[in-house]
Structures are given as C-alpha cells and as structure tokens.
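Some notes on the structure that comes next.
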Amino acid sequence: MGILKFMFNGKLEKLDDYRWLIPKSYMEGMRVNGIIYADEKLLPSILKDNAPIQVANSAHLQGIVCQAMAMPDIHWGYGLPIGGVVATDIEKNGVITPGGVGYDINCGVRLIATNLMYKDIAKKIKNLIDVLFSFVPSGVGSNGKIKVDSKESARVFIEGAKWAVNKGYGWDSDLIFAEENGAMKGADPSKVSSRAYERGQDQIGTLGSGNHFLEIQTVEEIFNEDTARIFGLQKDGVVIMIHTGSRGLGHQVCTDYVEKMVKIGDKYGIKIPDRQLVGVPVKSQEGVDYIGAMSSSANYAWANRQVITHLVRRAFEQVFETRAENLGMRLIYDVAHNIAKFEKYNISGEEKLLCVHRKGATRSLAPGHKELPQLYQKTGQPVIIPGDMGRCSYVLRGEEKAVETFYSTCHGAGRVMSRNEALNVTRGRAIDKELAEQGIIARCAERATLREEAPMAYKNVTDIVNIVEKAGLSSKVAKMKPIAVIKG
DNA sequence: ATGTTC
C-alpha cells in the first residue's frame, strides 16, 4: 500500500488504482473515512488545491454513513468540494447542508436526440446557431419571455417540467426521460423567500452564464453499440446538449438558508470544522424548510431546461422547415448534478432512508433499477457528462458497482484553473477564433466568459470518465464533439 | 454558479 504526502499535510492511502483513502484518523472528529476516486496521473492536479481537506471536513457531518466521497472531477467548492458525494442517515439525526448541494441548485444537463446526421446540418450550422442564440437568452441576469407571478411560480416549484409541458413547452414523453420525471417531491413554495421568487419570475427558459451552455454536437465514437441504439445515438448523428440550472432563484435560496443556519448557531449542537458546511438535521424544522425551498428550486431548474428544450425545437423547426417530431427531437435524458435527495439503501443489512448529497456528481443508476423508465431498464441510466467546449462530452451508463457511491458518478471535466487564473492566462486571446480553427462555432453573451471557460481551464474529461469507468461506477456509451456552442 | 461586493 503506497502512501503519498501532499500539500494539505495529510496522507492519501492507495486502496487500488482508482481509489484513494483519507483515513478517519487524519483529522479529529471525522466520523468516517474519505475516498477520492482518481488515478496516479490525476492526483497532482487534485492535490493542487485544498479540495481533499473538504472531503475530510465533510466526513464530520452528523449522521454520515459509509464514507465521504469525491469523484475524479473534484475541485474546491463552497463547503463540500465540487465532485462530493455524502449521505446521512435521517433517523440518526443526519444533517442536510446547503453547502453540500451548492449555489446552483439542480444544475444539470439534458441531451436531445435528432435523426439528423452531420452532413444534414453542415451547411446550415451558422444559421442554426444564430437562430438558437436569438431564441435562448443567455448571460448573467438574462431574462426570458415567460413571466410568472407568485401564484404561477408556486406551480412551477411544485410541478417542475410538467408545468412547462402543460403550458405547451414540450412533449408529454419528455417527462418520462428526466430524473424524477422533472419534479421531485417535497417542494414547499411557502419556504421560498420573496426575494428568491422575484429573481425567478422572469428567468425560466434562460441559460445563464459561467459553465452553462447549449451545444450542437455530433457523435464521434460509440463504445457500446446496443446501449447507444437504445439511447438513440448513432455515429455522426447530431445531438443537442443543454447545461443550466435554477439561475438566480436557486442562488438566492442557498444564500437565504446558509444565512439562516449560521444564525441559529449551535441550536442542535452540531460540530463542523468549516462554517461553510453548516447544516441542520433533516428532520428539524429548519431542515424541512430548506428541503421545501431546495426542492422548489430543483423543480424550477427542470422547468427551465424543459422550456429551453422547447426553444431549441422551435429553432430547428424554423431552420429545417419541418416539425421537431419529424426531426426525431426526443429527450434522451435529463440529469441533476447539484442536489440532495432521499433514497433508500441497504446499510449493513438494514434498509435506511438516506439524504444523499450530490454536488458536482451525477446519479448513475444500474440496469434494472426501479426508478428507470422502461426503455432504459436493460441499459441502465444515461449519464450525461459535459466536457469543455473545445474537446468532447460523453454519455455513460450506470453500472451496478456504483451502489458503493450511492449510485453516483462524475459530472464533468472539473476545473484545473480558477476563473481568475483562466482570465489571466488567456489575456489578449480570442478564444472564439481559436475554436473556429478547430471547426467549432462559438457565440456568447459576454466575451470574457469564453476565456473563463477556455478548454485549458479544465481537466480533460476523457481522463475523468476513464477513471469512473475503470472504478466500475459507469461505462462509456458514446463520445460527442461540439460543433457549435452558445455560452452565457 | 450569481442582478459576479446586500
């Protein structure tokens, strides 16, 4: 067993080629071990920042079961690192922590199929991306055409994607192919502050900024023919990927509840090594309130991605002069990668209801799981992994071994540079021109965003998915390359 | 991520 020394004054013990242990003994108060999924090649970039300490910190959470985990795309985040997975036992006063969900509640990704091949869109791609850019508002503070008053907002919070479909923004079948069918239980609109309501009232159907994007991609490589066929993916086929979340609403909800939880101090006698990991028992009044507001935000995010799906279909209809149905624009799947959910697991022979926090981590259900739609029973869950805008993205499928991570896997490439660092090293560069030289058309609301999101600011997503595949959490189905990108 | 320092 090899032992490596690293910056944060700890030890990572090699469990196997893809699992690295932070032993409980590392820090006083850790209730369980920490495990980071990585390989030798990736470790230096992971150890470059303090994210491993955040894994150790999260192992202190009251009620935590099994181990605190981080996926290979781990990097420094608020409280829990991006890439973190922690589950608490709600019957053991287990906590829920807003820092374990993140500010962009239900940030997530959806993938839309088409029956188009690259050759069908090659000549129309500029027009297509311009129409998409005009249809889907993007950028910080961007507003959409849909306005919802507080009564209508409450419906969005409860019904999620179904609200959008009922309004005409989508197909009934879209709801089959979204995690939670696009609306989780437990939303309580009365727990959302008026300021959060206000911020959400005109942002449905907007992309936002930062790493959020809309891409037209082509399937470059198929790794699993049978599964790809069932998912609706074929070589050189065109797909559309949408990456966004709950916008200003979720951000406000996180802000509100972190503040509330800090304010109540040690009412529940909870000890944590980092204030950013502030949390309350799931069953406490404050916990129930946060869950009501978080679920409302999650459902808003599903409505948001659903409305954007509608706008994408309208854009394709305009450019191809036929109905989206004729273009085969069905939803392949929609995943959340910033969320806390209640799921049952067998823990040492006992069935327990756990609060599973996935922050920069994606659910990865194995074949046969009852939560999966009929179409994906034999394949396992489509796991959509966005990469950076210059390289590629992946579709994986869930595998049974992922039960050890509460059916979780990675969520993307993971940053290797902070936003500021990326801005500094790309000063004076025209990222859109660089992308154009590689055959990728980029449109953005704010040019600086392209530099913050430059491919070099990210790890190579291929390295990340190879690790989760070799660790057995999920396996590769298809690799897509971007041909046109919209950024905020 | 974010009406990017209420």
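Chain A is the first sequence line, chain B the second, and so forth, proteins listed ahead of strands; every chain is numbered from 1.
Ring geometry, Trp163(A) versus Tyr169(A): the interplanar angle falls from 30° to 60°, so the pair is classed tilted. Using cut-offs of 30° and 60° on the angle between ring planes, the pair Tyr345(A) and Phe406(A) is perpendicular.
Mapped onto DNA chain B by nearest heavy atom, His212(A) and Glu446(A) fall at different nucleotides, with His212(A) at the one closer to the 5' end.
Counting to the nearest Å, the P atom of dC6(B) and the CG atom of Asp256(A) are 14 Å from each other. The CD-P distance, from Gln252(A) to dT5(B), rounds to 14 Å in whole Å. Between Arg419(A) atom CZ and dT5(B) atom P the separation is 12 Å, expressed in whole Å. Look at CD on Gln203(A): it is 13 Å from C1' on dT4(B), rounded to the nearest Å. Summarising the geometry, the separation between CG on Asn420(A) and P on dT2(B) is reported as 17 Å, rounded to the nearest angstrom. Per the geometry, NE2 belonging to His251(A) stands 12 Å off C1' belonging to dC6(B), to the nearest Å. Between the CD atom of Glu259(A) and the P atom of dT5(B) there is a distance of 17 Å, given to the nearest Å. The nearest whole Å value for the distance from the OH atom in Tyr103(A) to the C1' atom in dT5(B) is 13 Å.
At least one side-chain nitrogen or oxygen of Arg247(A) sits closer than 4.0 Å to the OP1 or OP2 atom of dT2(B).
Every residue two or more places apart in sequence or in another chain that forms a salt bridge (charged side-chain N to carboxylate O under 4.0 Å, His left out) with Lys191(A) is listed here: Asp289(A). Listed by chain and residue number, Arg451(A) satisfy the side-chain hydrogen bond (donor to acceptor under 3.5 Å, both in side chains) test with Thr426(A) (two or more places apart in sequence, or in another chain).
Nucleic acid contact class of Gln201(A) (heavy atoms, under 4.0 Å, all strands): none. Counting any heavy atom pair closer than 4.0 Å across all strands shown, Gly245(A) reaches no nucleic acid atom. Nucleic acid contact for Glu452(A): none, since no nucleic acid atom lies under 4.0 Å from a heavy atom of the residue. Residue contacts for Ser209(A): at a heavy-atom cut-off of 4.0 Å it reaches the sugar-phosphate backbone alone, with no base atom in range.
Ring centers of Tyr197(A) and Phe157(A): under 6.0 Å apart, within the cut-off. For an aromatic pair to be called close, the ring centres must be under 6.0 Å apart, and Tyr333(A) with Phe231(A) fails this.
Of the residues in residues 297-308 of chain A, none lies under 4.0 Å from DNA chain B by heavy-atom distance.
The pair Glu453(A)-Lys487(A) counts as a salt bridge, with a side-chain nitrogen and a carboxylate oxygen less than 4.0 angstrom apart.
Nearest to the side-chain atoms of Arg195(A) among the listed nucleotides dT2(B), dC6(B), dT4(B) stands dC6(B).
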